Amino acid sequence: MSFDWLPNYSINDNLEAPPPPPPPPPKDINKNDTTSNDKPQPSTKPKTHDSDQPIDIITTIGVYLETKDLVEEHLIKLGKQIEEEEPDCLQWEVFYLRATEELILIERFKNLAAAEYHWQMQYNQNVLRFLTNQGWLSGHPDMKRLKSRGGFAFRSRLTTL
């Protein structure tokens with residue numbers, strides 16, 4: 001599936017950290033000095049590929065107050081289908097932000113292949129197309145890929161309903 005209709009989003013977004021600053025200029029050392037211990041140190045951090053890392057997506061969906069419940073209902077049904085059919089979709093949650101009348105989707109996939117598989121599923125395309133065609137959304141969904149910079153994943157969710 002192509003997400004060309006979504007503004008400012010591409011699966012190939014370069015979301016890595018900015019490149020490191022250039023190395024400092026060499027020290028002014030006497031060329032005959034052989035006592036310097038300035039040897040490059042090998043990297044102890046193993047190299048990982050982006051395609052092997054979990055993929056986190058946050059999608060903001062503007063809704064009208066009068067259509068919020070309808071949109072939520074369809075998204076929750078979609079989430080149940082995703083849970084049943086996509087074992088590598090690790091998280092798929094719908095939240096409501098009352099202050100801005102937006103639904104927020106939080107998605108986490110095992111890796112890039114799982115995210116791409118998810119986006120190719122016809123039921124995902126059908127729900128988004130349906131919600132848009134019904135006129136229930138107040139704008140195009142805004143999808144962003146997140147890159148973790150620290151912290152920890154939630155331990156467990158304690159809810160009281």
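Quantities reported herein were computed from a predicted structural model and do not represent experimental measurements. Reckoned from all heavy atoms, side chains included, excluding hydrogens, waters and symmetry mates.
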What distance do [X] atom [atom1] and [Y] atom [atom2] have between them, rounded to the nearest 0.5 Å?
{"X": "Leu75", "Y": "Lys68", "atom1": "CG", "atom2": "NZ", "answer": "11.0 Å"}
{"X": "Asp142", "Y": "Lys144", "atom1": "CG", "atom2": "NZ", "answer": "3.0 Å"}
{"X": "Leu70", "Y": "Glu73", "atom1": "CG", "atom2": "CD", "answer": "6.5 Å"}
{"X": "Glu102", "Y": "Ser138", "atom1": "CD", "atom2": "OG", "answer": "7.5 Å"}
{"X": "Arg129", "Y": "Gln122", "atom1": "CZ", "atom2": "CD", "answer": "6.0 Å"}

*Are Tyr123 and Val127 in one and the same hydrophobic cluster, where Ile, Leu, Val, Met, Phe, Trp and Tyr link if side-chain heavy atoms are under 4.5 Å apart?*
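Tyr123 clusters together with Val127.
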*Common cluster, Ile61/Ile82, ILVMFWY with side-chain heavy-atom separation under 4.5 Å*: yes
*asked:* Can a donor-acceptor pair be found, under 3.5 Å and without considering hydrogens, that links the side chain of Thr60 to the backbone of Ile104?
replied: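 Such a contact is absent between Thr60 side chain and Ile104 backbone.
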_Taking side-chain contact (heavy atoms from CB on, under 4.5 Å) as the criterion, tell me which of Ile55, Ile58, Thr59, Leu146 meets it with Glu107._
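Going through the options one by one, the only one that passes is Thr59.
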Measure the shortest side-chain to side-chain distance between [X] and [Y] over non-hydrogen atoms and say whether it is less than 4.5 angstrom.
{"X": "Leu128", "Y": "Leu137", "result": "no"}
{"X": "Met121", "Y": "Glu86", "result": "yes"}
{"X": "Val71", "Y": "Tyr96", "result": "no"}
{"X": "Val94", "Y": "Leu103", "result": "yes"}
{"X": "Gln91", "Y": "Ile106", "result": "yes"}
{"X": "Ile57", "Y": "Leu105", "result": "no"}
{"X": "Trp136", "Y": "His74", "result": "yes"}

*So does Lys110 have more than 12 non-hydrogen atoms from other groups sitting under 6.0 Å from NZ?*
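No - once you tally the heavy atoms of other residues, nucleotides and ligands closer than 6.0 Å, there are 12 at most.
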_Check this for me: Glu85, atom CD, are more than 12 non-hydrogen atoms of other residues, nucleotides or ligands nearer than 6.0 Å?_
yes
_I'd like to check the side-chain contact (heavy atoms from CB on, under 4.5 Å) partners of Ile76; sequence neighbours left out, ordered by chain and number._
Lys80
*Report the relative orientation of the aromatic rings in His118 and Phe109; use parallel for angles under 30°, tilted for 30 to 60°, perpendicular for over 60°.*
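Tilted.
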*After noting the C-alpha distance and the side-chain angles of Met143 and Trp119, does the key distance pass the side-chain contact (heavy atoms from CB on, under 4.5 Å) rule?*
CA-CA 12 Å; Met143 214 177 210; Trp119 292 323; 3.8 Å; yes
*For residues Arg108 and Pro54, report the shortest heavy-atom separation together with the two atoms involved.*
CZ-CB, 3.8 Å
_Flag for Gln81-Glu83: side-chain donor and acceptor within less than 3.5 Å_ = no
